[in-house]
Amino acid sequence: MNFLELCQQRYSVRSYHNLPIEEEKLNYVLQAARFAPSAVNFQPWKLQLITDKKDMDRIKQCYKRTWFESVSTCIVIYKNKEQEWVRKQDGKPHGDIDVAIIAEHICLAAAEQGLGTCWICNFDREELFKQYEIPEYLEPVVILPIGYPADEPKEKQRKSKDELMLKLARR
């Protein structure tokens, strides 16, 4: 499968089979994550891999959705606020951008391996801090459930290429 086909295949999975992920597939996904680019190559992220039931029950307290009950493996991605690159001209931090890049590397590598994922950004951050002793310099950004899809992809609604392109007048 080529890259465009992989991008078209990947979708937000909201129902998972209760099957363990083979170690080689999980290692493949994590290896792909290691090669994600970041601003100035600072790699300001930490990954929390959650595979056991007790920790999954903790994470499920942070995102109480019916579909999330079927998840048995998650990756929580944290931004290291002390390591993110900040653009000097305007003080814009790039850690969230870097986390988005590694998250999408994980999603695409998972899809290539026949696994599904779903970005979860609307989780209860304070509950996550109650469940785990998270250092102050780490900020939880996204929870990625990962596993074998039990649902089917819906038709994707995407803007056309013309709608995507910005044309600015020159000065």
If you measure from NZ on Lys154 to CZ on Arg14, what distance do you get to the nearest 0.5 Å?
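The CZ atom of Arg14 is 7.0 Å from NZ of Lys154, to the nearest 0.5 Å.
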So CD of Glu112 and CZ of Phe3: to nearest 0.5 Å the spacing works out to 10.5 Å
Exercise: identify the closest heavy-atom pair between [X] and [Y]:
X	Y	answer
Lys156	Gln8	NZ-O, 3.1 Å
Asp98	Ser38	OD1-CA, 3.4 Å
His105	Phe35	NE2-O, 4.0 Å
Tyr132	Asp55	OH-OD1, 2.9 Å
Trp45	Ile77	CB-CG2, 4.4 Å

Against the six-membered ring of Phe68, is Arg65 placed for a cation-pi contact (under 6.0 Å from the centre, within 45° of the normal)?
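The answer is no, since Arg65 fails at least one limit relative to Phe68.
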Does Tyr28 share a hydrophobic cluster with Tyr148, counting links as ILVMFWY side-chain heavy atoms below 4.5 Å and allowing steps through other members?
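No, Tyr28 does not connect to Tyr148 through the hydrophobic network.
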Any link between Leu49 and Leu19 through a network of hydrophobic side chains (Ile, Leu, Val, Met, Phe, Trp, Tyr) touching at under 4.5 Å?
yes
pair [X]-[Y]: side-chain heavy atoms closer than 4.5 Å:
X	Y	answer
Phe129	Gln131	no
Val141	Tyr78	no
Ile75	Gln48	no
Leu144	Cys118	no

Go through the side-chain N and O atoms of [X] and [Y] and say whether any donor and acceptor fall under 3.5 Å apart.
X	Y	result
Tyr11	Glu152	no
Lys79	Tyr137	no
Glu5	Gln9	no

If you count heavy atoms of other groups shown closer than 6.0 angstrom to CE of Met165, is the number above 12?
no
State plainly whether the residues Asp57 and Lys54 are in salt-bridge range, i.e. N to O under 4.0 Å.
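Here Asp57 does not pair with Lys54 in a salt bridge, since their nearest N and O are not under 4.0 Å apart.
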